[in-house]
Amino acid sequence: MQERIERLKEQFETELNKARTGEAAEALRISYLGKKGAVTELLKGLKDASNDQRKEIGLHVNQLKKYAETLIQQKVEEIKKAEIEKLVNSAEKYDVTLPSEDNVGSYTPITLVQRQLEEIFSSMGFTIEDFSEIVNDYQCFESLNIPEFHPARDTHDTYYLENGQVLKTHTSAAQNAIMRKYGPPLRAIFPGRCFRNESTDASHETTFFQMEGIMIDKDISISNLIYFMKKMLSEVFERDVKVRLRPGFFPFVEPGFELDINCLICGGDGCPSCKNSGWLELCPCGMIHPNVLKMAGIDPDEYTGFAFGLGLTRLAMMKYGVKDIRDFNSGNLKSLSQFKHE
Ligand code: DAH
(Lines give C-alpha, C1' and ligand atoms only; values in the text may rest on other atoms or scores of the structure.)
Protein backbone atom coordinates (compact mmCIF):
# COMPACT_ATOMS: atom_id res chain seq x y z
CA MET A 1 0.00 0.00 0.00
CA GLN A 2 2.78 2.36 1.00
CA GLU A 3 4.30 1.75 -2.38
CA ARG A 4 1.08 2.57 -4.20
CA ILE A 5 0.92 5.84 -2.34
CA GLU A 6 4.47 6.70 -3.32
CA ARG A 7 3.85 5.85 -6.95
CA LEU A 8 0.70 7.91 -7.04
CA LYS A 9 2.59 10.83 -5.55
CA GLU A 10 5.26 10.66 -8.22
CA GLN A 11 2.71 10.31 -10.97
CA PHE A 12 0.85 13.34 -9.63
CA GLU A 13 4.02 15.44 -9.51
CA THR A 14 4.94 14.60 -13.07
CA GLU A 15 1.49 15.45 -14.37
CA LEU A 16 1.31 18.66 -12.38
CA ASN A 17 4.63 19.75 -13.81
CA LYS A 18 3.17 19.47 -17.27
CA ALA A 19 0.06 21.53 -16.48
CA ARG A 20 0.23 24.92 -18.19
CA THR A 21 -3.27 26.33 -17.77
CA GLY A 22 -5.80 26.86 -15.01
CA GLU A 23 -8.09 24.32 -16.67
CA ALA A 24 -5.38 21.67 -16.73
CA ALA A 25 -4.71 22.23 -13.01
CA GLU A 26 -8.40 21.93 -12.25
CA ALA A 27 -8.67 18.71 -14.27
CA LEU A 28 -5.81 17.28 -12.23
CA ARG A 29 -7.54 18.23 -9.01
CA ILE A 30 -10.62 16.35 -10.08
CA SER A 31 -8.75 13.29 -11.28
CA TYR A 32 -6.79 12.97 -8.01
CA LEU A 33 -8.88 14.57 -5.31
CA GLY A 34 -12.40 14.54 -6.74
CA LYS A 35 -15.10 12.13 -5.53
CA LYS A 36 -13.82 9.43 -7.81
CA GLY A 37 -10.23 10.66 -7.88
CA ALA A 38 -7.23 8.37 -7.47
CA VAL A 39 -6.43 9.54 -3.92
CA THR A 40 -10.05 9.23 -2.80
CA GLU A 41 -10.16 5.71 -4.26
CA LEU A 42 -7.16 4.78 -2.12
CA LEU A 43 -9.12 5.60 0.99
CA LYS A 44 -11.98 3.43 -0.18
CA GLY A 45 -9.59 0.52 -0.53
CA LEU A 46 -8.98 0.66 3.23
CA LYS A 47 -12.24 -1.10 3.98
CA ASP A 48 -10.63 -4.53 4.13
CA ALA A 49 -7.53 -3.55 6.08
CA SER A 50 -7.04 -4.18 9.80
CA ASN A 51 -7.59 -1.37 12.28
CA ASP A 52 -3.91 -0.60 12.76
CA GLN A 53 -3.17 -0.69 9.06
CA ARG A 54 -6.12 1.54 8.39
CA LYS A 55 -4.84 4.15 10.82
CA GLU A 56 -1.36 4.15 9.36
CA ILE A 57 -2.37 4.16 5.73
CA GLY A 58 -5.15 6.68 6.37
CA LEU A 59 -2.53 9.02 7.76
CA HIS A 60 -0.33 8.71 4.66
CA VAL A 61 -3.19 9.09 2.25
CA ASN A 62 -4.38 12.21 4.04
CA GLN A 63 -0.87 13.63 3.93
CA LEU A 64 -0.80 13.00 0.21
CA LYS A 65 -4.19 14.65 -0.15
CA LYS A 66 -3.01 17.81 1.65
CA TYR A 67 0.24 17.83 -0.28
CA ALA A 68 -1.59 17.56 -3.60
CA GLU A 69 -4.07 20.29 -2.64
CA THR A 70 -1.28 22.70 -1.71
CA LEU A 71 0.67 22.02 -4.87
CA ILE A 72 -2.37 22.53 -7.07
CA GLN A 73 -3.17 25.80 -5.32
CA GLN A 74 0.39 27.01 -5.86
CA LYS A 75 0.24 25.98 -9.48
CA VAL A 76 -3.01 27.87 -10.07
CA GLU A 77 -1.47 31.03 -8.59
CA GLU A 78 1.68 30.66 -10.64
CA ILE A 79 -0.36 30.32 -13.80
CA LYS A 80 -2.44 33.42 -12.97
CA LYS A 81 0.66 35.46 -12.29
CA ALA A 82 2.23 34.37 -15.54
CA GLU A 83 -0.93 35.30 -17.45
CA ILE A 84 -0.99 38.78 -15.94
CA GLU A 85 2.66 39.30 -16.72
CA LYS A 86 2.07 38.25 -20.27
CA LEU A 87 -0.78 40.73 -20.58
CA VAL A 88 1.24 43.59 -19.12
CA ASN A 89 4.17 42.90 -21.37
CA SER A 90 2.06 42.72 -24.46
CA ALA A 91 0.08 45.91 -23.62
CA GLU A 92 0.54 48.76 -26.02
CA LYS A 93 3.12 51.16 -24.73
CA TYR A 94 2.08 54.80 -24.73
CA ASP A 95 3.85 58.05 -24.15
CA VAL A 96 2.37 60.04 -21.28
CA THR A 97 4.06 63.20 -22.46
CA LEU A 98 2.24 63.31 -25.79
CA PRO A 99 -0.44 66.05 -25.94
CA SER A 100 -3.98 64.66 -25.81
CA GLU A 101 -6.74 65.33 -28.25
CA ASP A 102 -8.83 68.36 -27.29
CA ASN A 103 -12.06 66.49 -26.66
CA VAL A 104 -12.29 66.81 -22.90
CA GLY A 105 -15.76 67.11 -21.37
CA SER A 106 -17.33 70.30 -20.10
CA TYR A 107 -19.60 71.40 -17.30
CA THR A 108 -23.19 72.35 -17.98
CA PRO A 109 -24.04 75.99 -17.30
CA ILE A 110 -26.15 74.82 -14.34
CA THR A 111 -23.12 73.26 -12.66
CA LEU A 112 -21.12 76.40 -13.37
CA VAL A 113 -23.73 78.66 -11.76
CA GLN A 114 -24.20 76.25 -8.87
CA ARG A 115 -20.49 76.17 -8.10
CA GLN A 116 -20.26 79.92 -8.29
CA LEU A 117 -23.16 80.29 -5.85
CA GLU A 118 -21.69 77.72 -3.51
CA GLU A 119 -18.50 79.70 -3.39
CA ILE A 120 -20.31 82.99 -2.75
CA PHE A 121 -22.47 81.54 0.01
CA SER A 122 -19.73 79.60 1.73
CA SER A 123 -17.70 82.79 1.88
CA MET A 124 -20.66 84.26 3.79
CA GLY A 125 -20.70 81.43 6.32
CA PHE A 126 -23.35 79.18 4.76
CA THR A 127 -22.86 75.42 4.71
CA ILE A 128 -23.69 73.45 1.58
CA GLU A 129 -26.09 70.58 2.12
CA ASP A 130 -27.10 67.66 -0.02
CA PHE A 131 -30.51 66.02 0.10
CA SER A 132 -32.36 63.11 -1.41
CA GLU A 133 -34.35 63.48 -4.63
CA ILE A 134 -36.99 61.11 -3.27
CA VAL A 135 -38.80 62.58 -0.27
CA ASN A 136 -41.95 61.87 1.67
CA ASP A 137 -45.16 63.85 1.82
CA TYR A 138 -44.25 65.34 5.17
CA GLN A 139 -40.95 66.73 3.90
CA CYS A 140 -42.31 68.01 0.61
CA PHE A 141 -45.58 69.48 1.89
CA GLU A 142 -46.79 68.97 5.48
CA SER A 143 -43.69 70.32 7.21
CA LEU A 144 -43.91 73.37 4.93
CA ASN A 145 -47.36 74.31 6.12
CA ILE A 146 -49.02 72.76 3.05
CA PRO A 147 -51.61 70.33 4.42
CA GLU A 148 -53.21 67.61 2.34
CA PHE A 149 -55.91 69.55 0.53
CA HIS A 150 -54.14 72.90 0.32
CA PRO A 151 -54.50 74.49 -3.14
CA ALA A 152 -50.74 75.19 -3.23
CA ARG A 153 -50.33 71.48 -3.98
CA ASP A 154 -51.95 71.99 -7.39
CA THR A 155 -48.87 73.63 -8.84
CA HIS A 156 -46.69 70.89 -7.35
CA ASP A 157 -48.07 67.90 -9.19
CA THR A 158 -45.22 65.43 -9.34
CA TYR A 159 -44.26 61.79 -9.70
CA TYR A 160 -45.53 59.53 -6.96
CA LEU A 161 -43.91 56.26 -6.01
CA GLU A 162 -46.07 53.30 -5.04
CA ASN A 163 -45.06 53.64 -1.40
CA GLY A 164 -46.40 57.22 -1.25
CA GLN A 165 -43.04 58.94 -1.57
CA VAL A 166 -42.59 61.64 -4.20
CA LEU A 167 -39.86 63.03 -6.41
CA LYS A 168 -39.26 66.37 -4.72
CA THR A 169 -41.01 69.29 -6.36
CA HIS A 170 -38.82 71.92 -4.72
CA THR A 171 -35.67 72.12 -2.67
CA SER A 172 -37.77 73.48 0.20
CA ALA A 173 -38.48 69.79 0.89
CA ALA A 174 -35.15 69.61 2.71
CA GLN A 175 -35.87 72.53 5.05
CA ASN A 176 -37.36 70.54 7.91
CA ALA A 177 -34.62 67.89 7.94
CA ILE A 178 -31.81 70.44 7.78
CA MET A 179 -33.33 72.62 10.51
CA ARG A 180 -33.68 69.54 12.70
CA LYS A 181 -30.19 68.35 11.94
CA TYR A 182 -28.41 71.55 12.94
CA GLY A 183 -30.84 73.63 14.98
CA PRO A 184 -30.45 77.42 15.23
CA PRO A 185 -28.43 79.52 14.54
CA LEU A 186 -28.20 78.19 11.03
CA ARG A 187 -27.04 79.27 7.58
CA ALA A 188 -27.31 76.71 4.82
CA ILE A 189 -27.85 76.38 1.11
CA PHE A 190 -29.04 73.20 -0.55
CA PRO A 191 -29.00 72.88 -4.32
CA GLY A 192 -30.93 70.02 -5.88
CA ARG A 193 -32.80 68.52 -8.78
CA CYS A 194 -36.57 68.95 -8.71
CA PHE A 195 -39.36 67.26 -10.62
CA ARG A 196 -42.83 68.33 -11.64
CA ASN A 197 -45.49 67.05 -13.95
CA GLU A 198 -45.21 69.80 -16.57
CA SER A 199 -45.99 70.10 -20.23
CA THR A 200 -42.61 71.08 -21.57
CA ASP A 201 -41.97 74.23 -23.58
CA ALA A 202 -39.14 76.74 -23.92
CA SER A 203 -39.39 77.72 -20.24
CA HIS A 204 -40.86 74.59 -18.58
CA GLU A 205 -39.24 71.26 -17.96
CA THR A 206 -40.22 68.23 -15.89
CA THR A 207 -36.74 68.25 -14.36
CA PHE A 208 -34.97 71.39 -13.23
CA PHE A 209 -32.63 72.66 -10.55
CA GLN A 210 -33.21 74.96 -7.62
CA MET A 211 -31.06 76.21 -4.82
CA GLU A 212 -32.69 76.77 -1.47
CA GLY A 213 -31.17 78.88 1.25
CA ILE A 214 -32.11 79.45 4.86
CA MET A 215 -30.73 81.64 7.58
CA ILE A 216 -32.08 81.40 11.12
CA ASP A 217 -30.89 83.34 14.12
CA LYS A 218 -32.09 85.82 16.72
CA ASP A 219 -33.44 89.05 15.16
CA ILE A 220 -33.19 88.10 11.50
CA SER A 221 -35.28 90.52 9.45
CA ILE A 222 -36.24 91.34 5.89
CA SER A 223 -33.23 93.69 5.69
CA ASN A 224 -30.95 90.68 6.14
CA LEU A 225 -32.79 88.88 3.39
CA ILE A 226 -32.42 91.80 0.98
CA TYR A 227 -28.76 92.24 1.83
CA PHE A 228 -27.86 88.61 1.12
CA MET A 229 -29.93 88.45 -2.07
CA LYS A 230 -28.38 91.63 -3.47
CA LYS A 231 -24.89 90.54 -2.61
CA MET A 232 -25.36 87.14 -4.17
CA LEU A 233 -26.91 88.46 -7.39
CA SER A 234 -24.30 91.18 -7.85
CA GLU A 235 -21.58 88.55 -7.67
CA VAL A 236 -23.32 86.16 -10.02
CA PHE A 237 -23.91 88.80 -12.67
CA GLU A 238 -20.65 90.59 -11.93
CA ARG A 239 -22.32 93.99 -11.72
CA ASP A 240 -24.50 95.93 -9.34
CA VAL A 241 -28.07 94.73 -9.67
CA LYS A 242 -31.17 96.53 -8.49
CA VAL A 243 -33.71 94.35 -6.74
CA ARG A 244 -37.31 94.86 -5.74
CA LEU A 245 -39.65 92.80 -3.61
CA ARG A 246 -43.26 92.19 -4.51
CA PRO A 247 -45.69 90.36 -2.29
CA GLY A 248 -45.92 86.67 -3.18
CA PHE A 249 -47.75 83.84 -1.49
CA PHE A 250 -46.02 80.67 -0.34
CA PRO A 251 -47.49 78.82 2.64
CA PHE A 252 -44.09 78.34 4.30
CA VAL A 253 -43.13 82.02 4.50
CA GLU A 254 -44.85 84.99 6.03
CA PRO A 255 -44.50 87.55 4.62
CA GLY A 256 -43.60 86.01 1.26
CA PHE A 257 -42.07 87.82 -1.72
CA GLU A 258 -41.15 87.57 -5.33
CA LEU A 259 -37.75 89.11 -5.76
CA ASP A 260 -37.19 90.79 -9.12
CA ILE A 261 -33.98 92.15 -10.56
CA ASN A 262 -33.75 94.96 -13.05
CA CYS A 263 -33.54 93.60 -16.58
CA LEU A 264 -29.90 93.04 -17.44
CA ILE A 265 -30.53 93.28 -21.13
CA CYS A 266 -32.15 96.73 -21.30
CA GLY A 267 -30.99 97.98 -17.91
CA GLY A 268 -34.59 98.63 -16.87
CA ASP A 269 -35.84 100.63 -19.84
CA GLY A 270 -38.07 97.84 -21.09
CA CYS A 271 -37.42 95.25 -23.83
CA PRO A 272 -38.94 91.97 -25.11
CA SER A 273 -36.97 89.90 -22.55
CA CYS A 274 -38.60 91.67 -19.62
CA LYS A 275 -41.90 92.11 -21.43
CA ASN A 276 -41.27 95.85 -21.33
CA SER A 277 -41.52 95.99 -17.57
CA GLY A 278 -37.83 96.56 -16.89
CA TRP A 279 -37.89 93.79 -14.26
CA LEU A 280 -37.24 90.04 -14.25
CA GLU A 281 -38.74 87.70 -11.67
CA LEU A 282 -35.92 85.69 -10.19
CA CYS A 283 -36.17 84.40 -6.68
CA PRO A 284 -39.18 83.74 -4.44
CA CYS A 285 -38.35 84.24 -0.79
CA GLY A 286 -39.69 85.33 2.57
CA MET A 287 -39.54 85.15 6.32
CA ILE A 288 -39.90 81.55 7.50
CA HIS A 289 -43.42 80.89 8.78
CA PRO A 290 -43.60 80.28 12.56
CA ASN A 291 -45.39 76.95 11.92
CA VAL A 292 -42.45 75.76 9.81
CA LEU A 293 -40.01 76.66 12.58
CA LYS A 294 -42.20 74.94 15.17
CA MET A 295 -42.44 71.77 13.11
CA ALA A 296 -38.65 71.69 13.02
CA GLY A 297 -38.43 72.05 16.79
CA ILE A 298 -37.37 75.73 16.74
CA ASP A 299 -39.05 78.28 19.00
CA PRO A 300 -40.44 81.06 16.74
CA ASP A 301 -40.58 83.45 19.71
CA GLU A 302 -36.86 83.19 20.09
CA TYR A 303 -35.69 82.73 16.49
CA THR A 304 -36.62 84.13 13.10
CA GLY A 305 -35.21 83.44 9.68
CA PHE A 306 -35.47 83.92 5.97
CA ALA A 307 -35.65 81.42 3.14
CA PHE A 308 -35.28 81.67 -0.58
CA GLY A 309 -35.77 79.28 -3.48
CA LEU A 310 -33.58 80.32 -6.34
CA GLY A 311 -34.33 78.78 -9.71
CA LEU A 312 -30.85 77.57 -10.63
CA THR A 313 -31.86 76.52 -14.11
CA ARG A 314 -33.54 79.87 -14.64
CA LEU A 315 -30.51 81.74 -13.37
CA ALA A 316 -28.23 79.75 -15.67
CA MET A 317 -30.49 80.63 -18.60
CA MET A 318 -30.30 84.32 -17.72
CA LYS A 319 -26.61 84.39 -17.08
CA TYR A 320 -25.67 82.57 -20.27
CA GLY A 321 -28.53 83.71 -22.48
CA VAL A 322 -29.94 80.20 -23.00
CA LYS A 323 -33.31 80.70 -24.64
CA ASP A 324 -34.75 77.19 -24.44
CA ILE A 325 -34.71 75.25 -21.16
CA ARG A 326 -34.91 71.98 -23.10
CA ASP A 327 -31.35 72.52 -24.35
CA PHE A 328 -30.09 71.54 -20.91
CA ASN A 329 -31.41 68.00 -21.09
CA SER A 330 -31.00 67.49 -24.79
CA GLY A 331 -27.45 66.16 -24.62
CA ASN A 332 -26.72 68.39 -27.58
CA LEU A 333 -22.96 68.69 -27.71
CA LYS A 334 -23.16 71.83 -29.80
CA SER A 335 -24.75 73.70 -26.89
CA LEU A 336 -22.65 72.11 -24.18
CA SER A 337 -19.26 72.46 -25.81
CA GLN A 338 -19.59 76.23 -25.72
CA PHE A 339 -18.95 76.17 -21.99
CA LYS A 340 -15.71 74.26 -22.27
CA HIS A 341 -13.36 77.06 -21.36
CA GLU A 342 -15.42 78.67 -18.60
N1 DAH B 1 -40.29 76.22 -3.03
C2 DAH B 1 -40.95 77.22 -3.82
C3 DAH B 1 -41.33 76.67 -5.18
O4 DAH B 1 -40.54 76.00 -5.77
C5 DAH B 1 -40.07 78.44 -3.96
C6 DAH B 1 -39.83 79.18 -2.70
C7 DAH B 1 -40.61 80.27 -2.39
C8 DAH B 1 -38.84 78.82 -1.83
C9 DAH B 1 -40.40 81.01 -1.25
C10 DAH B 1 -38.60 79.55 -0.66
C11 DAH B 1 -39.41 80.67 -0.39
O12 DAH B 1 -37.66 79.24 0.22
O13 DAH B 1 -39.17 81.38 0.73
O14 DAH B 1 -42.38 76.93 -5.63
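One-based numbering along the sequence shown. Numbering of ligands and ligand atoms starts at 1, following listing order.
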Show the atoms of ligand 1 that are less than 4.0 angstrom away from any heavy atom in H156.
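Selected atoms, number and element: 14 (O).
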Numbered atoms of ligand 1 (with element) below 4.0 Å of S172, judged on heavy atoms:
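The list of qualifying atoms is 1 (N), 8 (C).
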Does K168 count as lying over the ring of F131, i.e. NZ or CZ under 6.0 Å from the six-ring centre, within 45 degrees of the axis?
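K168 over F131 ring: no.
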For the student: nearest non-hydrogen atoms of L186 and G183, plus distance:
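It is CB-O, 3.6 Å.
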Among G248, A173, G309, closest by any non-hydrogen atom to atom 10 (C) of ligand 1:
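It is G309 whose heavy atom sits nearest to atom 10 (C) of ligand 1.
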Looking at non-hydrogen atoms alone, which of A307, G256, A152, C285 comes nearest to atom 9 (C) of ligand 1?
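Nearest option to atom 9 (C) of ligand 1, by heavy atoms: C285.
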Any nitrogen or oxygen of Q210, side chain or backbone, less than 3.5 Å from one on ligand 1?
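The answer is yes, given that Q210 and ligand 1 share an N or O pair closer than 3.5 Å.
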What do you reckon, does F252 have a nitrogen or oxygen under 3.5 Å from a nitrogen or oxygen of ligand 1?
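There is no such contact.
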Do the non-hydrogen side-chain atoms of K294 and P300 ever get within less than 4.5 Å of each other?
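They are in contact (side-chain heavy atoms under 4.5 Å apart), so the answer is yes.
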Protein contact to atom 5 (C) of ligand 1 [nearest heavy atom, distance to 0.1 Å]:
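That would be P284 CG, 3.7 Å.
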E302 and K218 ion-paired at < 4.0 Å
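The answer is yes: the pair qualifies as a salt bridge.
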Students often mix this up, so state it plainly: with edges at 30° and 60°, are the rings of H150 and F249 parallel, tilted or perpendicular?
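Answer is parallel, since the angle falls under 30°.
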Classify the side-chain pair Q114/Y107 by whether it contains a donor and acceptor separated by less than 3.5 Å.
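Per modelled atom types, Q114 and Y107 side chains form no pair under 3.5 Å.
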Does R196 come within less than 4.0 Å of ligand 1, judged by its heavy atoms?
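A heavy atom of R196 does come that close to ligand 1.
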